[in-house]
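Throughout, a chain's letter reflects where its sequence line sits, starting with A, and its residues are numbered from 1. None of these values were measured; they are calculated from a predicted model.
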Amino acid sequence: MRWSRYFINTLREVPADAEVISQRLMMRAGMIRKVAAGIYTYLPLGLRSIKKLELIVREEMNRAGSAELLMPAIQPAELWMESGRWQKYGKELLRIKDRHDRDFVFGPTHEEVITDTVRDTINSYRRLPINLYQIQTKFRDEVRPRFGLMRGREFIMKDAYSFHSSRESLDETYETMRAAYSAVFHRCSLDHVPVEADTGAIGGSASHEFMVLAQSGEDAVVSCPNCRYGANVEKATSKFFDDEVEPPASQAVAEVHTPGTQTIDDVGRFLGMPTSKLVKTLVFQADEGPVMVLVRGDREGNEVKIKNHLGTNRLDLLAGEGLFWATEFERQTGGPIGYCGPVGTKCARVLADHSLQGRSRWIVGGNKKDMHLDYAAPGRDFPEPEYGDFTTAIKGDPCVRCGTPLEIYRGIEVGHIFKLGTKYSDSMHCDFLDESGERKPMIMGCYGLGIGRTVAAAVEQSHDDDGIIWPMPIAPFEVVVTSIGKDESVLRTATEVYENLLAAGIDAFFDDRDERPGVKFKDADLIGFPLRIAVGAKSLAQGQIEWSWRKDRAKLLGPPADVVASVIEGVRAGRL
RNA sequence: CGGGGUGUAGCGCAGUCUGGUAGCGCACCUGCUUUGGGAGCAGGGGGUCGGAGGUUCGAAUCCUCUCGCCCCGACCA
């Protein structure tokens with residue numbers, strides 16, 4: 001392709017709303033263009049990278065035994081009502097009506113459609129397992145889309161679904177898919193790590209996320225430098241506990257006057273004790289009503305873990321801004337804000353983080369204004385709480401597996417795989433007959449991979465001050481041939497070089513514009529072609545042209561034929 | 001949904017307070033010079049100032065409503 005005939009416009013200035021590097025660079029390089037919040041056009045250059053990644057994904061999916069199909073983006077509401085997600089999914093689900101006033105959704109994911117398809121097609125264990133995938137545009141009406149392709153509302157995703165007659169069969173496919181994902185990201189030269197994850201709205205038992213480590217990542221992951229344990233912080237467990245011996249719990253519970261101490265920090269300061277010795281009380285509104293969660297004073301409650309423990313759809317922290325809420329808070333919990341605690345609470349359920357289990361001295365809110373209780377004892381002064389893991393792991397916590405202090409990194413979630421189990425096959429009656437003729441629900445897995453997000457992640461991970469540095473396999477073009485000046489021999493040689501590369505099956509781009517060299521070089525760096533060949537009058541007079549890698553910019557000279565041969569070799573080696 | 005901000009040429013912005021011919025830089029077009037890391041000079045084209053209503057002799061500017069977009073939070077995977 002020749003630049004002079006291509007649809008591309010690089011920007012010297014950065015669009016004001018571009019927040020992260022990948023978004024800035026992709027917009028400046030003329031790869032994407034924002035049309036509405038979280039909705040982008042993939043311009044020709046950007047689409048080439050997208051298509052190249054799709055091809056890699058196809059190859060790996062096909063190799064893993066998954067068969068490609070394409071489901072509709074628009075789905076009838078009935079299927080979502082059947083699975084129960086019409087009610088459960090919330091406002092992220094874009095609901096639309098057709099001219100007959102019938103309800104539809106623009107698919108954010110396709111469990112319903114695929115389950116419907118398979119249940120009508122497969123009835124026997126003999127036909128299982130089945131693994132299907134598609135690459136398609138999805139829509140999730142995110143509250144706050146941002147970061148360009150990293151968190152769009154409309155986005156391209158590869159989603160795969162597998163159906164099994166047994167857990168073992170699912171486990172096997174899950175492993176195959178996990179390997180396939182690693183292969184995809186490896187081929188894109190992405191530094192990635194699979195981590196344990198929460199299953200969220202999709203549901204199911206086990207789940208892993210594939211994280212590309214990057215400063216701009218929206219997720220925090222914990223990672224054990226010793227045993228490679230990795231997990232999303234929403235899920236990550238650690239085994240911190242009280243490390244100081246406490247006096248025995250023989251003391252009777254005692255009221256402590258603590259005036260004007262609304263926060264846990266206030267209480268700690270007032271009593272002259274570290275917050276880790278105090279008990280922090282959180283109250284959430286759950287499906288079943290107010291629920292109290294006790295955590296160590298220096299820790300944060302983890303809503304995802306609490307939600308999973310309770311099995312509730314709704315979980316809102318009861319907070320007391322304003323008079324109405326303060327009154328309401330006290331009415332529901334039996335204690336004023338800042339002083340609420342488990343002793344005599346109105347909350348039906350009381351949960352406590354396992355780090356509190358066995359603690360002998362509990363300092364808790366007294367459910368009276370300006371009053372805390374010291375030496376409160378579970379089982380004596382208040383009912384034994386339900387213990388569990390309800391806090392978020394932090395840097396330095398001991399690893400659950402080996403005890404090594406954990407590290408925390410930021411990551412971009414580029415893939416997410418789930419063992420769904422029978423969540424959808426139960427509700428939607430996707431059954432099969434087993435060897436003994438018994439009807440059973442199929443066991444399912446599902447596997448998502450964000451195409452646009454992965455491309456953006458590659459840019460986040462590979463760039464410098466001048467622009468993108470594409471990994472060869474997803475570069476929009478592998479080589480740019482840059483002609484310098486209008487000299488006829490320069491143009492002739494550059495054209496020859498370009499055509500020879502094309503003939504060899506190389507994705508070459510010819511910057512044939514009548515522009516100054518500086519402009520062409522800056523643009524080439526910005527777009528990030530892995531290789532560049534420059535043909536200029538001075539060196540051509542010596543029978544030489546120049547080539548260089550974008551990564552290190554070291555310039556190499558040679559006769560045109562040799563340079564072409566070297567570049568072809570370089571491209572092939574970089575393709576993986 | 002709550003709080004804050006913003007909307008003026010394809011992009012980045014000034015002008016708004018204090019009403020009076022709509023500006024600057026980049027990009028674009030023409031000419032001359034220039035030509036190995038985003039050139040110089042000269043000339044030029046491009047705007048319903050987000051939209052609707054109002055006040056006024058006169059509105060980008062003041063008032064009301066509305067829409068979009070951005071940021072923080074909540075939310076979501």
Side-chain angles (χ1 to χ4, degrees), chain A residues 8-19 23-24 27-28 30 33-39 43 88-93 108-109 138 140-147 150-153 155 157 159 195 197-204 207-211 217-221 232-235 303-304 307 313-319 321-322 325 411-418 446 448-450 453 465-467 482-487 490 511 513-527 532-541 545-546 548 553 555 557:
Chain A
I8 176 176
N9 197 23
T10 57
L11 301 176
R12 200 182 299 195
E13 281 171 291
V14 191
D17 52 5
E19 295 169 80
Q23 185 182 14
R24 270 206 293 274
M27 287 178 95
R28 282 190 57 209
R33 179 188 147 85
K34 189 166 82 170
V35 176
I39 299 176
L43 297 167
K88 232 183 146 173
Y89 212 98
K91 282 198 261 188
E92 260 193 30
L93 182 62
T109 172
K138 312 275 190 217
R140 289 183 193 169
D141 202 353
E142 297 280 351
V143 185
R144 204 146 85 74
R146 53 186 148 175
F147 301 160
M150 277 173 56
R151 194 178 188 74
R153 291 195 291 172
F155 58 99
M157 177 164 133
D159 48 326
V195 301
D198 183 64
T199 53
I202 309 275
S207 169
H208 284 84
E209 286 169 338
F210 288 81
M211 294 289 189
E218 291 189 274
D219 293 84
V221 297
N232 192 308
V233 287
E234 288 179 346
K235 167 86 178 179
E303 296 195 19
V304 171
K307 213 167 174 176
N313 286 323
R314 178 177 166 211
L315 192 75
D316 300 312
L317 189 63
L318 268 186
E321 293 299 317
W325 274 105
I412 302 165
E413 178 193 347
V414 288
H416 200 163
I417 61 178
F418 301 78
C446 82
L449 192 158
R453 192 180 268 193
D465 290 345
D466 290 315
T482 304
S483 62
I484 295 163
K486 284 184 280 198
D487 189 278
V490 164
D511 188 353
R513 293 176 298 169
D514 179 18
E515 282 286 356
R516 298 168 63 83
V519 172
K520 292 186 166 194
F521 290 149
K522 286 287 183 190
D523 275 339
D525 286 349
L526 174 60
I527 293 168
R532 184 183 82 193
I533 296 177
V535 182
K538 280 182 201 150
S539 43
L540 192 57
I545 62 173
E546 173 198 293
S548 59
R553 290 209 181 91
K555 293 173 181 170
L557 284 167

Short side-chain N/O contact from [X] to OP1 or OP2 of [N], under 4.0 Å:
{"X": "A:Arg516", "N": "B:A39", "value": "yes"}
{"X": "A:Lys520", "N": "B:G38", "value": "no"}
{"X": "A:Arg144", "N": "B:C72", "value": "yes"}
{"X": "A:Lys34", "N": "B:C70", "value": "yes"}

With [atom1] as the reference atom in both, quote the distance from [N] to [M] in angstrom, rounded to an integer.
{"N": "B:A27", "M": "B:U21", "atom1": "C1'", "answer": "26 Å"}
{"N": "B:G31", "M": "B:G51", "atom1": "P", "answer": "36 Å"}
{"N": "B:C11", "M": "B:A77", "atom1": "P", "answer": "34 Å"}
{"N": "B:G23", "M": "B:A60", "atom1": "P", "answer": "13 Å"}
{"N": "B:G54", "M": "B:G58", "atom1": "C1'", "answer": "15 Å"}
{"N": "B:G50", "M": "B:U56", "atom1": "C1'", "answer": "23 Å"}
{"N": "B:A59", "M": "B:U18", "atom1": "C1'", "answer": "14 Å"}
{"N": "B:G12", "M": "B:G38", "atom1": "P", "answer": "24 Å"}

Please name the nucleotide paired to [N] by Watson-Crick or G-U wobble geometry with both distances under 3.5 Å, or report none.
{"N": "B:G31", "result": "B:C41"}
{"N": "B:A74", "result": "none"}
{"N": "B:G7", "result": "B:C67"}
{"N": "B:U48", "result": "none"}
{"N": "B:C13", "result": "B:G23"}
{"N": "B:U55", "result": "none"}
{"N": "B:U18", "result": "none"}

Examine distances only and state if a side-chain atom of [X] and a backbone atom of [Y] form a donor-acceptor pair shorter than 3.5 Å.
{"X": "A:Arg153", "Y": "A:Glu142", "result": "no"}
{"X": "A:Lys91", "Y": "A:Asp141", "result": "no"}
{"X": "A:Thr10", "Y": "A:Arg28", "result": "no"}

Side chain of [X] - closest among [options]:
{"X": "A:Glu13", "options": "B:C26, B:G36, B:C75", "result": "B:C26"}
{"X": "A:Lys486", "options": "B:A39, B:U35, B:A77", "result": "B:U35"}
{"X": "A:Asn232", "options": "B:C11, B:A77, B:C26", "result": "B:A77"}

- Message: Are there over 12 heavy-atom neighbours, none belonging to A:Arg553, within less than 6.0 Å of that residue's CZ?
- Response: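 Enclosed.
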- Establish whether the base of B:G38 is bridged to the side chain of A:Asp523 by a donor-acceptor pair shorter than 3.5 Å.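 Looking at the base of B:G38, it does pair with a donor or acceptor on the side chain of A:Asp523 (distance under 3.5 Å).
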- When only distance counts, do a donor and an acceptor, one from the side chain of A:Arg24 and one from the base of B:G12, lie under 3.5 Å apart?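 Checked by distance alone, the answer is no.
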To the nearest Å, how far apart are [X] [atom1] and [N] [atom2]?
{"X": "A:Ile484", "N": "B:G38", "atom1": "CD1", "atom2": "P", "value": "13 Å"}
{"X": "A:Glu546", "N": "B:G36", "atom1": "CD", "atom2": "P", "value": "13 Å"}
{"X": "A:Leu540", "N": "B:U35", "atom1": "CG", "atom2": "C1'", "value": "16 Å"}

- Query: Is a salt bridge present between A:Arg146 and A:Glu218, judged by a nitrogen-to-oxygen distance below 4.0 Å?
  - Reply: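 A:Glu218 and A:Arg146: salt-bridged.
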